[in-house]
Amino acid sequence: MLSNKDVAQVLDDIGDTLEIIGENLFRVRAHHRAAESVRTSTKDVNALARAGRLTELSGVGASLAERITELVDTGKMAYYDELKEQVSPRVLELMRVPGLGPRKAKLLFDELHVTTIDELLEAARAQRIRTLPGMSAKTEANIINGIELVRAGQGRMLLHEAYPLASRLVETLRAEAGVETADFAGSLRRMKETIGDIDIIAAAADPSAVTSKFIAGPGVARVLAAGDTKASILTPVGLQVDLRVVSPAEYGSALQYFTGSKDHNIRLRDLAKRQGLKISEYGIFDVKTGNRIGGATEHEIYAAMGLDYIDPELREDHGEIDAAAARTLPVVVTLDDVQGELHAHSNWSDGLNGVKEMAEAAREIGYEYLALTDHAEKLKIAGGMTRADIAARRRVIDEVNKEVAGITVLNGVELNIDNNGDVDYGPELLREFDIRLGAIHGGFAQPREKIMLRLRRAMENKYIQIIAHPTGRIIGKRNPYNVDIEALMDGAAATGTVLEVNAFPDRLDLKDDHAREARKRGVVLSLGTDSHMAAQLSFMMYGVAVGRRAWLEARDIINTRPLAEMLKMLK
DNA sequence: GCCGTTTTCGGCCCGACTGTTTTCAGTCG
């Protein structure tokens, strides 16, 4: 059975192939838009196809619906197969090299029979590329450079790796003489779960002074490009950082433009056009008079179009522009809204720190409560608590609660949902805990029916209040287990079970699209870091980021409530 | 190929840079 991701990949490949053979570019873009729509939908393509409801996905019309249906029904798409006859899928591989688009890739394939990046490098080194029309020795050098880049920057970086690095770079820039202000933009500002490169925008009267300082600064392993207003560098870990310096009057429009997303900007500019306005990275203009209406701040741009300000995390063309026009954007959750931690481990299972250290760290953050949810007995590999441990830890928690003022430590547990959907302890022991998470820790490869049986039984268990990391994915390492997301959400809503947004940086589970759909279905969510040491409590910001990207408001999340109210909301 | 509070046909975001080029195509974000 094909997943949404598989179908999206086919649509993207069709788009790229159409571009190579010189098809209408709007048709190309239509395929990429449809791919994105399928990829981010929580609705299963197979189910939509069966129900004849594929056109409910934005960007999927009658023609694509028919082809997608053929693909999921038969595992093949005649149209795609025909295209593959015309253009080898291997050409698409070449397009991953920066500087190589569809035209040049096709030329290299047709004329030099280059099919892999290795062969491309060989051809460039052998000076065979310069023999082609429109190509020169310079082109060869650029290709060799591009291949190095694609290899150095292989894969994207997790948000929490890029974020502190970018913050430091921005701090340094802001401290420079002549720099009025600076911010990072791009997918990092939108807080996407992974980051390709870091974009930084700065405002200064004398841009070239800023760029030259920047490329000479610390943490620069290599300078890729350096002009008066633009510079690109590589950090020692191979992360590319692009800096653009503009005048203060253009700062807002540059920041808005480089924050993206691309789709958001396309939709925004389309709307501007229909209002007789024009938006570029230099400002917002009246088309008739040519007058500049604004651009010093992002707020000016959105306001000029009659839109409410849109937070960067929402700028994905997922309906935010319509909502801003209708003044129905959500007031999304902030880190300040979070009143307590609901998922953390101490040294009573596989955590590093003791109860008191964890309590003090949580109080330092300003929380009202901290749930220590150590693993239970059956999860031996994580040092799960025996019955004796539970009693002993309870005494320590009571003591710390007396000793450390200003924070309440909750006696929690993370239960293991076994292969039958049962958990570690029986009712009499379960009743002793203040808060009980249930989670799957094994049997990841089981078929959907089996996984769903386990989750369903766990949600029906009246003692399990929260399902932790509901899909089990580890970004870049492990795929989610085979969860029927919609059945999970409907089960959670029906049983009053809370679904966690796990804030641990390589989990972020539920992910943004799923959390947004959960909210729509009336599911209550929680934020938990899954900390295994005190310092990791700060990961909450990444959970909040997922919540914001999911359009969650504070009221959708239980641990934005004071302790008594939060406990009352648990089943 | 998609889509409609200007449209069921005729549009579809905008600008910069690069390289090889005498007016522009390709690529990128």
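Please read these numbers as outputs of a predicted model, since none were measured by experiment. Naming: A, B, ... by sequence-line order, numbering from 1 per chain.
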With a cut-off of less than 4.0 Å, is there a side-chain N or O of A/R244 near OP1 or OP2 of B/dG29? no
From CE of A/M95 across to P of B/dT27 the rounded distance in Å is 8 Å
Tell me whether the rings of A/Y542 and A/H160 are parallel (<30°), tilted (30 to 60°) or perpendicular (>60°). perpendicular
With the side chain defined as heavy atoms from C-beta on, A/K262 is closest, among B/dG19, B/dG15, B/dC13, to B/dC13
Close N or O pairs between protein and nucleotides 1-6 of chain B (under 3.5 Å):
residue : atom : partner : partner atom : Å
B/dG1   : OP1  : A/R27   : NH2          : 3.3
B/dG1   : OP1  : A/R67   : NH1          : 2.7
B/dG1   : OP1  : A/R67   : NH2          : 3.4
B/dG1   : OP2  : A/R27   : NE           : 3.1
B/dG1   : OP2  : A/R27   : NH2          : 3.2
B/dG1   : O5'  : A/R27   : NE           : 3.2
B/dC2   : OP1  : A/G61   : N            : 2.5
B/dC2   : OP1  : A/G61   : O            : 3.4
B/dC2   : OP1  : A/L64   : N            : 3.3
B/dC3   : OP1  : A/G59   : N            : 2.8

Between CG of A/D242 and P of B/dA16 the distance, given in whole Å, is 17 Å
Between A/D183 and A/R189, is the closest basic N to carboxylate O distance under 4.0 Å? no
Measure CG/A/L25 against P/B/dT27 and give the value in whole Å, please. 11 Å
d(OH, A/Y282; C1', B/dC13) in whole Å: 15 Å
Sorted by first residue and then second, give each side-chain hydrogen bond (donor to acceptor under 3.5 Å, both in side chains) pair with at least one member in residues 284-295 of chain A; sequence neighbours left out. A/T289-A/N291
For the side chain of A/Y257, starting at C-beta, report the closest nucleotide among B/dC14, B/dG26, B/dG29. B/dG29
Check the distance between B/dC12's P and A/L271's CG and give it to me in whole angstrom. 14 Å
Side chain to side chain donor-acceptor pair (under 3.5 Å) partner of A/E36, chosen from A/H32, A/R39, A/R33: A/R39
If you compare all heavy atoms of A/T42 against all heavy atoms of A/H514, which two are closest, and at what distance to 0.1 Å? CG2-CD2, 3.4 Å
Is the terminal nitrogen or CZ of A/R67 (NZ for Lys, CZ for Arg) located under 6.0 angstrom from the six-membered ring centre of A/Y79 and within 45° of that ring's axis? yes
Nearest-angstrom distance from the residue atom CD1 of A/I143 to P of B/dC28: 11 Å
Separation of B/dT27 C1' from A/L107 CG (nearest whole Å): 15 Å
Select base, sugar-phosphate, or nothing to describe what A/I279 touches, counting heavy atoms under 4.0 Å on all strands. sugar-phosphate
Provide, to the nearest angstrom, the distance between the CZ atom belonging to A/R267 and the P atom belonging to B/dC13. 10 Å
Starting the side chain at C-beta, find the nucleotide from B/dC13, B/dC17, B/dG19 nearest to A/K273. B/dC13
